[in-house]
> 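Dropping a structure here in structure tokens format, bear with me for questions.
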Protein chains: 6
Amino acid sequence: MSRIDGRTPDQLRPVTIQRGWSKHAEGSVLVSFGDTKVFCTASVSEGVPRWRKGSGEGWVTAEYSMLPRATNTRGDRESVRGKIGGRTHEISRLIGRSLRAVIDYKALGENTIVLDCDVLQADGGTRTAAITGAYVALADAITWAQGKKLIKHGRQPLTGTVSAVSVGIVDGTPLLDLCYEEDVRAETDMNVVCTGDGRFVEVQGTAEAQPFARAELDALLDLAVAGCGKLDAAQREALARTL
Amino acid sequence: MSRIDGRTPDQLRPVTIQRGWSKHAEGSVLVSFGDTKVFCTASVSEGVPRWRKGSGEGWVTAEYSMLPRATNTRGDRESVRGKIGGRTHEISRLIGRSLRAVIDYKALGENTIVLDCDVLQADGGTRTAAITGAYVALADAITWAQGKKLIKHGRQPLTGTVSAVSVGIVDGTPLLDLCYEEDVRAETDMNVVCTGDGRFVEVQGTAEAQPFARAELDALLDLAVAGCGKLDAAQREALARTL
Amino acid sequence: MSRIDGRTPDQLRPVTIQRGWSKHAEGSVLVSFGDTKVFCTASVSEGVPRWRKGSGEGWVTAEYSMLPRATNTRGDRESVRGKIGGRTHEISRLIGRSLRAVIDYKALGENTIVLDCDVLQADGGTRTAAITGAYVALADAITWAQGKKLIKHGRQPLTGTVSAVSVGIVDGTPLLDLCYEEDVRAETDMNVVCTGDGRFVEVQGTAEAQPFARAELDALLDLAVAGCGKLDAAQREALARTL
Amino acid sequence: MSRIDGRTPDQLRPVTIQRGWSKHAEGSVLVSFGDTKVFCTASVSEGVPRWRKGSGEGWVTAEYSMLPRATNTRGDRESVRGKIGGRTHEISRLIGRSLRAVIDYKALGENTIVLDCDVLQADGGTRTAAITGAYVALADAITWAQGKKLIKHGRQPLTGTVSAVSVGIVDGTPLLDLCYEEDVRAETDMNVVCTGDGRFVEVQGTAEAQPFARAELDALLDLAVAGCGKLDAAQREALARTL
Amino acid sequence: MSRIDGRTPDQLRPVTIQRGWSKHAEGSVLVSFGDTKVFCTASVSEGVPRWRKGSGEGWVTAEYSMLPRATNTRGDRESVRGKIGGRTHEISRLIGRSLRAVIDYKALGENTIVLDCDVLQADGGTRTAAITGAYVALADAITWAQGKKLIKHGRQPLTGTVSAVSVGIVDGTPLLDLCYEEDVRAETDMNVVCTGDGRFVEVQGTAEAQPFARAELDALLDLAVAGCGKLDAAQREALARTL
Amino acid sequence: MSRIDGRTPDQLRPVTIQRGWSKHAEGSVLVSFGDTKVFCTASVSEGVPRWRKGSGEGWVTAEYSMLPRATNTRGDRESVRGKIGGRTHEISRLIGRSLRAVIDYKALGENTIVLDCDVLQADGGTRTAAITGAYVALADAITWAQGKKLIKHGRQPLTGTVSAVSVGIVDGTPLLDLCYEEDVRAETDMNVVCTGDGRFVEVQGTAEAQPFARAELDALLDLAVAGCGKLDAAQREALARTL
């Protein structure tokens with residue numbers, strides 16, 4: 001079976017990771033998974049939220065948002081509606097947890113890094129692209145903070161790398177990195193966040209049309225782990241380039 | 001290894017499901033998983049949200065909330081703060097999706113059922129207790145709606161049963177149905193929602209302390225599926241009693 | 001004339017006051033006036049709001065809320081609407097004032113006690129049941145604080161007891177403790193808060209259908225004072241039991 | 001005992017009721033009770049809120065607010081804080097109920113009248129001045145609506161007159177119409193709303209410092225009824241003037 | 001061409017500036033430009049916002065609001081809607097900037113003055129009347145603060161005077177101080193804020209119906225500067241009176 | 001005198017206008033004025049807001065926002081704070097008015113076009129870049145709507161072109177198109193919106209440090225008109241390219 005856009009089931013869309021996309025942010029990336037484009041900035045500030053003061057430990061958090069016309073029909077701005085929707089909350093929290101999974105708070109020291117992931121254009125997989133891009137912005141921000149001596153000499157707050165991909169079952173076939181049209185038709189939809197060594201940070205599987213069996217879950221996990229491996233390589237390659 | 005409360009790793013806490021806890025609601029349940037107590041009501045109303053009108057299909061949704069002193073220290077009320085937090089949003093959405101997974105919208109007809117899950121006392125596993133109790137309240141509400149002829153004769157909107165349980169790895173050991181103290185110490189935490197036939201509706205695994213390996217994930221899924229089997233039996237038993 | 005539920009005009013509904021209903025709160029009560037059930041918790045914390053710091057005096061406040069399906073038809077959650085309604089505000093303030101009327105702030109010292117009164121099921125008289133139950137939760141919380149030495153040895157912050165009841169004129173007859181169906185039909189509706197020695201803390205009378213005369217007001221006050229006397233006895237009896 | 005401002009215990013402050021204070025509103029009054037000044041406008045619109053449509057009955061409601069510097073120290077604007085406080089809610093509801101007590105909804109027909117009571121300067125008794133002034137603005141608005149044939153020929157929506165006054169016990173003495181300085185020192189504080197024939201619409205008594213006895217309550221009610229009689233005369237006199 | 005109200009094109013409406021309109025505020029003015037009436041209070045408080053602490057400099061800010069029935073049809077209260085509209089924000093900011101233009105922050109010392117401008121009745125030109133009146137209230141508040149020694153002896157925080165007027169092109173003719181009916185018909189509408197020496201603090205011109213040419217802009221500025229000169233005289237005259 | 005970035009006083013920064021930057025929006029532009037980058041999308045929908053229904057006329061409106069890290073230090077998201085700030089409101093309104101100045105509502109028919117202007121990177125002049133870019137997105141959206149027959153054959157809703165630029169006086173010299181560093185130091189700051197034929201749509205001048213004289217105003221207007229002429233050429237050139 002050939003996919004809508006001609007890919008094989010285990011094929012990612014073209015992935016690009018452009019660093020240095022902002023002159024202000026300490027780390028910044030424009031990441032694209034096919035037509036999904038997310039602008040990720042990492043902002044470093046000295047100090048931590050009140051509940052963490054004096055602990056000697058840092059903090060990393062994230063905020064996700066979609067521009068109103070990132071999607072096919074315009075959505076209301078959450079700032080205009082005066083509240084953040086459940087989906088936005090959920091994804092912001094997912095991104096934050098995913099990045100904190102590879103952070104050594106002690107090594108970070110009492111610094112805070114905020115990752116802003118703003119979706120400029122959406123075509124499925126915005127949260128997984130956001131995590132994948134935000135990791136690179138985070139890595140650049142940490143390098144910046146090391147250069148500025150905000151992080152003590154010789155300390156490395158990053159304990160690993162992290163990337164994410166969506167997988168799903170469409171017409172009975174497990175597929176990697178769903179585009180929007182596939183996502184809508186998926187019977188089961190899963191987002192998987194992995195470290196570079198192939199372990200899991202988050203596994204979120206949802207039966208959209210009907211419950212899924214263990215064998216299907218296993219097939220999806222296999223696809224996702226392989227996909228994250230490729231994303232990990234893309235991240236390393238991007239970070240190897242001179243900024 | 002013996003657990004904090006003397007349970008074996010694969011043992012649920014005492015589960016009680018009391019139906020008919022409200023004189024007003026069409027379905028109502030006080031569910032407890034040990035010291036976690038959630039009050040679930042199912043409210044049936046004719047009609048559906050605007051975006052669904054004229055489709056001939058019904059809708060099921062859920063709202064989760066904690067009373068301010070359900071936990072060890074008092075939390076602010078979300079009504080007083082003027083906004084719903086991310087965690088509340090996330091859990092409300094999870095409960096709604098979980099129940100919709102066993103609903104045939106066509107059979108339900110243009111009726112809406114809202115599940116309110118209010119945590120009276122929290123000791124870990126509030127979302128899984130909520131799903132497990134809400135299913136029973138939903139079943140009673142559907143029976144009520146059939147009796148009132150809101151649902152057409154001979155139609156059964158329920159396509160299966162659904163229950164949920166938490167699992168996690170504590171000190172290297174996979175454990176079923178974590179209480180709060182275990183949950184805080186868990187390296188990995190997973191919530192699993194299963195249908196009565198052992199398939200998955202939702203799988204949400206999170207690395208709290210460090211990423212988890214595939215073998216750990218597999219062990220947790222095994223525990224969860226077995227636990228949901230026992231919860232399914234408790235639900236059937238509760239529903240078999242005369243209201 | 002016999003009432004809807006067979007009571008005499010000066011008869012309370014069955015009143016139950018169950019203490020120790022929460023394992024977390026310093027004081028907790030499930031109070032019922034017939035089918036009206038309110039869950040009251042008292043939460044003690046050291047310190048006082050900013051405007052009272054350094055005064056050596058404590059503070060007591062209350063928050064009232066209804067679960068969405070406490071009533072016959074489901075109401076929207078105030079947290080979801082993003083604001084608290086006028087009725088909720090009004091009742092929260094009434095409960096707070098009523099309890100503060102029997103508090104010696106100096107004896108309480110710089111501690112705060114928050115009373116949360118959540119209506120699980122409503123059938124008229126929710127605010128009066130809340131005040132009556134909250135007093136018992138408050139008394140237990142104060143005993144707890146004395147045991148923890150948060151309150152200085154030998155100091156008694158409670159200067160008296162307080163309870164509340166509704167009265168109203170239905171079809172020309174003054175009635176005590178209206179249930180919902182009576183409340184709806186009442187021409188005049190009054191909530192009265194009394195101390196155990198029969199003095200008034202709050203008197204709130206409202207002409208629903210037509211203005212009321214002084215003689216009617218007098219008859220209602222007589223009924224209410226007698227009713228509060230019975231509630232005072234029920235509170236004492238509850239507090240006399242071993243927790 | 002002489003009062004702060006030299007009044008006898010049963011004496012009102014100077015009361016002025018200026019009609020026609022706005023060129024836009026259908027009824028408008030600047031009412032003053034001593035240094036308390038409230039600007040009341042009555043706005044008539046055809047139609048009623050949705051829940052009342054098709055009933056053939058009208059609606060009357062009220063909104064109360066204080067300008068930020070109406071008081072001795074500036075308060076935050078509720079519009080800037082983004083929510084209405086409990087006190088504002090409570091008073092708005094009281095004014096609305098008080099005026100509805102003298103309205104025949106059928107005679108009003110499907111029209112809505114909104115009373116806006118904005119406190120320009122506060123010196124105690126703002127809610128009672130607001131009710132007293134709003135009644136006059138309402139009467140003028142009804143006359144306007146009759147002239148515009150919005151109200152059917154020969155129908156009189158007003159079933160009576162209504163005014164309000166505060167009473168309280170200060171240093172053991174019952175006093176009428178408390179100014180701010182007296183209000184702060186009052187042991188008991190009561191707001192009483194009466195119709196022109198001396199019956200009660202609302203009685204709201206609160207023990208500020210200590211519970212009050214029945215005899216005190218009786219003395220306060222006597223004072224209030226007499227005070228409302230004088231306010232009723234002032235309202236009639238104002239309405240008798242040519243606008 | 002004669003204007004709606006008989007004025008010549010370069011004629012202001014009757015302007016009145018009544019000082020001392022509030023017994024509480026440190027400065028207060030009821031200003032009217034024809035039927036437009038704005039109540040301006042200046043509130044002085046010691047201290048400055050957090051971001052300015054320790055600078056030795058003061059702060060001046062403003063809030064503008066309309067009473068709901070200031071206009072011909074009643075508008076919703078922004079406090080009830082729970083948010084401030086764009087127009088209100090814009091005008092509050094304009095008033096604040098205009099007054100700060102004549103303030104020497106060093107001379108003011110670490111004191112804050114808040115100008116509240118509440119429109120009691122609107123007939124065009126509410127923002128310009130607000131600025132013109134607020135200046136006078138500000139001047140009185142500064143005199144008060146000097147008397148209270150909040151401002152150091154011999155320091156004068158006011159560096160000049162400021163007033164404002166609207167101008168516009170109606171049916172091709174440039175007009176000064178538009179009333180509402182003229183404002184609605186204006187092709188171009190401009191608000192101009194000037195110092196007493198005829199320089200500009202703010203110039204805000206908007207093409208309502210069609211773009212305007214440089215010559216039109218010049219004619220409008222000429223009118224506005226002359227109008228502000230007359231307002232400056234009215235302010236001086238008001239301030240010369242004994243309070 | 002040479003400027004910070006080497007420009008002459010009457011020189012624009014490098015301006016780029018990239019069309020077709022979104023696959024979803026009916027018109028989309030990434031506009032840059034030097035380091036200021038604004039992403040503008042135009043969203044067409046059939047129908048108009050309620051207050052305009054049945055008029056046969058269309059509507060054009062705009063929303064402006066800054067990404068949190070568009071600036072040198074991260075700002076809070078307005079969606080997270082739950083309300084839109086005054087500056088955002090003010091600029092959104094300015095953009096909307098500027099574009100409506102060149103729209104023939106009748107020719108547009110009952111269609112709505114929303115311009116979203118999201119600042120990706122800020123370096124002064126974000127509102128003027130937004131207007132300049134939004135015009136091009138609007139023009140593309142109108143061409144799209146003509147192609148889809150949403151706009152009647154032969155009707156041209158655009159009555160002209162519009163662009164905007166900032167000007168200001170820095171160290172006594174009038175400068176065109178201020179960058180952030182110049183903007184901060186400007187004594188006077190003005191934003192000017194012109195049509196392609198050199199007439200004014202908006203003129204907003206603000207004295208930042210001290211009031212400005214008529215001659216200064218005149219010099220700034222001259223600079224701005226010339227600058228808009230160059231921007232008009234850049235817009236035409238961009239629209240002449242094949243999309």
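Predicted, not measured: the structure shown is a model, and the values here were computed from it. To find a chain, count down the sequence lines: A is the first, B the second, and so on, and within it residues start at 1.
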> Less than 4.5 Å apart, any side-chain heavy atom of F:F200 and any of F:V225?
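Contact flag for F:F200/F:V225 side chains = yes.
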> Under 4.5 Å between any side-chain heavy atoms of E:L220 and E:V192, yes or no?
no
> Measure distances from F:L94 to the heavy atoms of chain E and classify the residue's part below 4.5 Å as side chain, backbone, both or neither.
neither
> Pick whichever of E:G160, E:G198, E:A207 has the most heavy-atom pairs under 4.5 Å with chain F.
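Ranked by heavy-atom pairs under 4.5 Å with chain F, first place is E:A207.
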> May I have a table of the donor-acceptor pairs connecting chain F and chain E at distances under 3.5 Å?
| residue | atom | partner | partner atom | Å |
| --- | --- | --- | --- | --- |
| F:H89 | ND1 | E:H89 | ND1 | 3.0 |
| F:E90 | OE1 | E:R93 | NE | 2.6 |
| F:R93 | NE | E:E90 | OE1 | 2.6 |
| F:R199 | NH1 | E:P211 | O | 3.3 |
| F:F200 | N | E:F212 | O | 2.7 |
| F:F200 | O | E:F212 | N | 2.9 |
| F:V201 | O | E:A207 | N | 2.9 |
| F:E202 | OE1 | E:T206 | OG1 | 3.3 |
| F:E202 | OE2 | E:T206 | OG1 | 3.0 |
| F:V203 | N | E:G205 | O | 3.0 |
| F:V203 | O | E:G205 | N | 2.7 |
| F:G205 | N | E:V203 | O | 2.7 |
| F:G205 | O | E:V203 | N | 2.9 |
| F:T206 | OG1 | E:E202 | OE1 | 3.3 |
| F:T206 | OG1 | E:E202 | OE2 | 3.0 |
| F:A207 | N | E:V201 | O | 2.8 |
| F:P211 | O | E:R199 | NH1 | 3.3 |
| F:F212 | N | E:F200 | O | 2.9 |
| F:F212 | O | E:F200 | N | 2.7 |
| F:R214 | NH1 | E:D222 | OD1 | 2.9 |
| F:R214 | NH2 | E:D218 | O | 3.3 |
| F:R214 | NH2 | E:D222 | OD1 | 3.2 |
| F:D218 | O | E:R214 | NH2 | 3.3 |
| F:D222 | OD1 | E:R214 | NH1 | 2.9 |
| F:D222 | OD1 | E:R214 | NH2 | 3.3 |

> If I take atom CG from residue E:L221 and atom CG from residue F:L217, how far apart are they, to the nearest 0.5 angstrom?
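Output value for this atom pair is 5.5 Å.
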> Under 4.5 Å between any side-chain heavy atoms of E:V119 and E:L67, yes or no?
no
> In terms of heavy-atom pairs under 4.5 Å, which option from F:G86, F:A101, F:A213 contacts chain E the most?
F:G86
> Quick one, E:V60 and E:I95 - any side-chain contact, counting heavy atoms below 4.5 Å?
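SC-SC contact between E:V60 and E:I95 ruled out.
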> Would a 4.5 Å heavy-atom cut-off, applied to side chains only, mark F:I103 and F:L138 as touching?
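Of all side-chain heavy-atom pairs linking F:L138 with F:I103, at least one is under 4.5 Å.
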> Does the side chain of F:L178 come within less than 4.5 Å of F:V167's, by heavy atoms?
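F:V167 vs F:L178: side chains apart.
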